[in-house]
Amino acid sequence: MKREKVKGKRGKTNPTSFAQRLLEWSDVHGRHDLPWQMDRSDYRVWLSEIMLQQTQVGTVIDYFQRFTARFPDLDSLAKADLDEVMALWSGLGYYARARNLHKTARICVESHGGRLPDSAEELQQLPGIGRSTANAIVAQAHDQRAVILDGNVKRVVARHAAIEGWPGRSAIARVLWKEAEIRTPPDRARDYTQAIMDLGSGICRPRQPACQQCPVGSDCMALRKGLVTELPGKRPRRTRPEKTTTLLLIEDDQGRLLLKRRPPTGVWGGLWCLPEISHPDSDPDKKPVEPLLTLRHDFTHFRLHIRLVRSGLNEASIEEGEHHAWMKYDQALATGLPRPVRTMLEALS
DNA sequence: AAATCGGGGAG
DNA sequence: CTCCCAGATTT
């Protein structure tokens, strides 16, 4: 069913294809001045695509500028200490992205001649690069025709084709990939992928979509059916559990703090953190310790209550090593810390 | 198929 | 408060 080639099927008022109308719109209204859109290299495109995973453009820009200033190319990143990479990523979240970024840089230097692969198939074999990201990289960096399906495209396509159901379900995602494929034109791959994301971001928004200004509104099935704000389907609700943890503020006589490196997997994997103890508030014999401060931190699937407690650990029992270190405040703030830990240390310094 | 993995922007 | 963001990986 090559719908875009059977123009008559979409009505006489729409003589041009989805892609053509979208491209004409984006030539005027699209974004053309983002940092990764200038001085375009596959390295910078790759880095931007990783940072932008589940992260808004406005949040990424500063991180991208700092990161590329320190690591301007693949080789400098491959040579770097993982700790420094994590420090530059600190606060951005989803820290597996940073570990995979570093790992991928080293793989490319060791096994790909110091270059990122230029095919989507090879890119997708690298850690942290999935189907959509691999395709986005070849489209943006090499102007290759490739289908992407990020949050923006899911929303645009789900509405334009009136696909009901939550895109997180694989059956729905499969249909969305197909509909995205149908709409992807043979030419102008770079401009088209940027255009459909700009449409999703600027016009086909999650709330208050500007359908009146939409270049593909005339044949949008959700608009015809009055389903625009209903689509795409929402993630099923779930009550978020609440957890409590206690972090320890342990200072030596020089005012240095004890930091521990978290295991490479799990929450805040690979970051430096204050020593953590499982909440002892279930012990009825001990009177509760008054925390220095408490903090609430929300994750996607649970809420964490953090208590910060001053503790006097015997310093002689702590050896400097891979998994713990004594740091001054400014030194600690320069390392890869989880956001709430950074917030607490800034409040105390 | 479902859970995990951060943090923030914006209604 | 809510939803969701240029998703990938693990279970």
Side-chain angles (χ1 to χ4, degrees), chain A residues 31 34-37 45-64 86 89-101 103-104 123-137 139-141 146-156 165-174 176-177 180 190 192-202 204-209 229-230 232-238 240-241 262-271 295-304 336-343:
Chain A
R31 293 174 293 191
L34 295 169
W36 42 90
Q37 292 179 308
V45 169
W46 165 57
L47 173 63
S48 72
E49 292 298 336
I50 301 300
M51 284 189 166
L52 286 161
Q53 287 170 0
Q54 297 291 285
T55 311
Q56 294 180 356
V57 169
T59 303
V60 163
I61 289 176
D62 286 344
Y63 283 89
F64 181 84
M86 300 308 292
W89 208 274
S90 177
L92 196 54
Y94 284 147
Y95 297 96
R97 294 184 294 174
R99 295 194 302 275
N100 286 332
L101 195 79
K103 190 182 303 178
T104 287
L123 283 167
Q124 202 177 335
Q125 302 307 310
L126 296 166
I129 302 179
R131 180 178 177 186
S132 186
T133 298
N135 285 352
I137 292 171
Q140 295 291 339
V147 182
I148 64 168
L149 193 66
D150 66 341
N152 290 310
V153 180
K154 285 174 185 169
R155 188 167 53 255
V156 170
W166 178 49
R169 288 171 41 183
S170 55
I172 307 298
R174 200 160 52 241
L176 292 176
W177 272 108
R190 174 183 294 155
Y192 175 79
T193 58
Q194 186 63 49
I196 194 168
M197 288 189 288
D198 288 349
L199 186 77
S201 167
C204 197
R205 300 182 290 250
R207 283 169 293 199
Q208 298 182 351
T229 56
E230 309 296 324
K234 293 174 184 172
R235 165 193 292 272
R237 295 211 108 79
R238 192 173 305 273
R240 271 186 328 187
R262 297 183 63 87
T265 60
V267 171
W268 300 330
L271 296 186
L295 200 63
R296 193 182 73 189
H297 187 73
D298 288 328
F299 292 82
T300 302
H301 43 290
F302 65 95
R303 166 169 290 177
L304 184 63
L337 299 173
R339 173 62 82 194
V341 176
R342 180 173 300 281
T343 299

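Residue numbers start from 1 in every chain, and the chains themselves are labelled A, B, ... in the order their sequence lines are given, proteins ahead of strands. Here the structure is a predicted model, which is why all the values come from computation and not from measurement.
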Original post:
Should A:H297 be listed as having a side-chain N or O under 4.0 Å from OP1 or OP2 of B:dG7?
Top reply: yes
Round to a whole Å and report the spacing from [atom1] of [X] to [atom2] of [N].
X	N	atom1	atom2	value
A:R97	B:dT4	CZ	P	19 Å
A:Q56	B:dG6	CD	P	18 Å
A:Y95	B:dT4	OH	C1'	15 Å
A:L92	B:dG9	CG	C1'	14 Å
A:R205	B:dA10	CZ	P	12 Å
A:R303	B:dT4	CZ	P	17 Å
A:F299	B:dA3	CZ	C1'	15 Å
A:Q54	B:dG9	CD	P	16 Å

With a 4.0 Å cut-off on heavy atoms, is [X] in touch with a base, just the backbone sugar-phosphate, or nothing at all?
X	value
A:Q140	nothing
A:P340	sugar-phosphate
A:R131	sugar-phosphate
A:W36	base
A:G91	sugar-phosphate
A:R238	sugar-phosphate
A:G151	sugar-phosphate
A:T55	base
A:L34	base
A:R207	base
A:G266	sugar-phosphate
A:R31	base

Subject >> A:R97 and A:N100: CA distance, side-chain angles, deciding distance, side-chain hydrogen bond (donor to acceptor under 3.5 Å, both in side chains) verdict >> reply: CA-CA 5 Å; A:R97 294 184 294 174; A:N100 286 332; over 6 Å; no
Subject >> Outermost DNA chain C nucleotides near chain A [under 4.0 Å, heavy atoms] >> reply: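 Nucleotide range with atoms under 4.0 Å of chain A: C:dC1 to C:dT9.
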Original post:
With nearest nucleotides of DNA chain B determined for A:G93 and A:T59 from heavy-atom distances, which residue corresponds to the more 5′ nucleotide?
Top reply: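 Per heavy-atom nearest nucleotide, the more 5' residue is A:G93.
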Original post:
Shortest non-hydrogen contact from A:R31 to A:Q194?
Top reply: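 Residues A:R31 and A:Q194, closest heavy atoms: O-CG, 4.1 Å.
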Roughly how far apart, to the nearest Å, are [N] and [M] at atom [atom1]?
N	M	atom1	value
B:dG8	C:dT9	C1'	23 Å
B:dC5	C:dC4	C1'	15 Å
C:dA6	B:dG11	P	14 Å
B:dG9	C:dA8	C1'	22 Å

Original post:
With under 30° as parallel and over 60° as perpendicular, where do the rings of A:H297 and A:F299 fit, or are they tilted in between?
Top reply: perpendicular
**OP:** List the steps, then state whether side-chain contact (heavy atoms from CB on, under 4.5 Å) holds for A:L199 with A:N152.
**Re:** CA-CA 8 Å; A:L199 186 77; A:N152 290 310; over 6 Å; no
Subject >> Given DNA chain C, 5'-ward residue of the pair A:V57 and A:D298, judged by closest heavy atom >> reply: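 Upstream on the strand: A:D298.
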Original post:
Starting at the 5' end of DNA chain C and moving along, which residue's nearest nucleotide shows up first, A:R296 or A:T300?
Top reply: A:R296
Original post:
Do A:W166 and A:I172 have side chains that get closer than 4.5 Å, going by heavy atoms?
Top reply: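 Side chain of A:W166 against side chain of A:I172, heavy atoms only: no contact under 4.5 Å found.
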**OP:** Answer yes or no: does atom CZ of A:R169 have more than 12 heavy-atom neighbours from other residues, nucleotides or ligands under 6.0 Å?
**Re:** no
